[in-house]
Amino acid sequence: MAKFRKLLTPFKIKNLELKNRVVMPPMCQYSAVDGVPNDWHLLHYSSRAVGGVGLIIVEMTNVAPNGRITQHCLGLWNDEQQAAFKKLTDSVHKHGAKIGVQIAHAGRKAQDEPNAVAPSAIHYGELDYAGQNLVTPKELSTEEVKDLVQAFQNSVKRAVDAGFDTIEIHGAHGYLIHQFYSPKSNQRTDEYGQDKALFGVEVIQAARAVMPENMPLIVRISAQEYGENGFDIDYGVQVAKRFADAGADVLDVSGGGDGVLHKGNHPEFYAGYQVAFARKVKEATGKPVIAVGMLDNPAVADHVLGVDDADLVAVGRGLLRDPYWVLNAQYQQNAVDGSEMQFVPRQYERGFA
Ligand SMILES: Cc1cc2nc3c(=O)[nH]c(=O)nc-3n(C[C@H](O)[C@H](O)[C@H](O)COP(=O)(O)O)c2cc1C
């Protein structure tokens with residue numbers, strides 16, 4: 001196994017200093033009550049901090065009750081939620097990682113939600129992956145769209161006050177911001193239909209306005225749709241440029257979420273299947289990018305960084321399987337070349353000696 005050259009090196013953007021390039025991407029736990037993080041979240045995220053992850057991004061956390069995928073999703077619209085998030089950021093900091101949160105609204109993909117809203121009254125069109133029917137969403141009025149920009153801003157402000165080091169805006173996977181910039185789900189005639197990226201742009205500007213100047217803003221996008229009649233990577237790159245111009249400091253480059261996978265419209269799911277998108281977004285925007293998608297082989301992840309396809313790598317399911325992914329990757333390497341172990345908690349040193 002080749003030595004890791006970049007995976008374990010530090011990265012800095014604005015005031016955010018990461019001890020290595022490994023990001024835990026947002027992954028819903030569907031374990032909250034009334035949107036409030038609890039013991040599960042505390043243990044789950046703190047374990048990954050103990051395990052040496054550089055940046056943890058807390059799962060999709062929604063700006064309004066009807067913006068949750070399920071009633072067990074996290075929310076950040078009241079004081080009780082904010083106070084519980086503060087406990088979480090304190091714990092993750094204590095265990096040596098930086099922590100961000102993904103601020104979101106599910107739009108037409110809100111399950112069990114009679115009041116689901118979206119850019120246009122277009123049904124998502126299938127049973128979703130949890131097997132539950134979604135309703136046909138109500139089309140938002142122009143005024144309601146502006147209220148939602150405000151709701152995003154309120155949650156971002158709360159996240160900053162709760163001690164997060166960075167904010168990620170969820171503009172991917174078929175959720176509300178993606179629903180606006182996708183021609184498939186936005187058939188509005190007002191300003192938000194004429195300029196499909198406008199809603200995302202305004203959310204980014206509103207977020208920036210309540211964030212400290214030196215705190216970076218991450219925006220996750222679907223750089224390509226994977227369903228029938230989905231937009232291509234060139235369209236995704238144009239969206240990324242608009243979001244970068246609006247104030248995104250880092251693009252987290254994912255894909256899909258627009259419906260059933262359509263043969264020929266999506267990459268085969270091989271290791272690093274979305275890395276080519278990350279590179280295109282990086283080249284077009286000049287911004288640092290996070291690559292994601294089956295990067296759980298550490299040598300592959302290091303390669304992606306080494307050839308400059310991306311600045312950070314996200315390991316999702318790999319970190320669900322193994323909270324100590326960063327430590328175990330090094331340990332295996334260490335067995336080959338005796339390289340130094342880093343980020344090992346004092347209490348676990350003998351496990352990696
Ligand atoms: C259980 C689970 C929950 C997820 N929840 C979210 C989420 O809240 N927000 C998001 O943007 N992506 C979510 N994702 C997608 C992941 O962030 C990641 O992009 C995806 O798993 C691909 O990376 P991987 O191959 O390393 O797992 C989720 C994935 C999983 C497996």
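One-based numbering, in listed order, for ligands and for the atoms of each.
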4.0 Å heavy-atom contact, V292 with ligand 1: yes
Within-shell test, G293 vs ligand 1, heavy atom, strictly < 4.0 Å: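 Distance cut 4.0 Å: G293 passes for ligand 1.
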Short list, please: which atoms of ligand 1 are under 4.0 Å from a heavy atom of [X]?
{"X": "Q102", "value": "7 (C), 8 (O), 9 (N), 10 (C), 11 (O)"}
{"X": "R220", "value": "10 (C), 11 (O), 12 (N), 16 (C), 17 (O), 19 (O)"}
{"X": "G316", "value": "24 (P), 26 (O), 27 (O)"}
{"X": "P25", "value": "17 (O)"}
{"X": "H173", "value": "10 (C), 11 (O), 12 (N)"}

Within 45° cone of Y175 ring axis and under 6.0 Å: K109 NZ or CZ: yes
N/O separation below 3.5 Å, M60 to ligand 1: yes
The single option from V250, V289, I13 passing side-chain contact (heavy atoms from CB on, under 4.5 Å) against I218: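 The passing option is V250.
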Main-chain N/O of A116 paired to K138 side chain as donor or acceptor, under 3.5 Å: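 Looks like no, no N/O pair under 3.5 Å.
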Aromatic ring proximity F243/Y181, centre distance under 6.0 Å: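 Centroid separation for F243 and Y181: below 6.0 Å.
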Stepwise side-chain hydrogen bond (donor to acceptor under 3.5 Å, both in side chains) check, H41 with S31: CA-CA 8 Å; H41 302 92; S31 300; 5.1 Å; no
Carboxylate-amine/guanidinium contact K157 D161, below 4.0 Å: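 Looking at K157 and D161, the cut-off is met.
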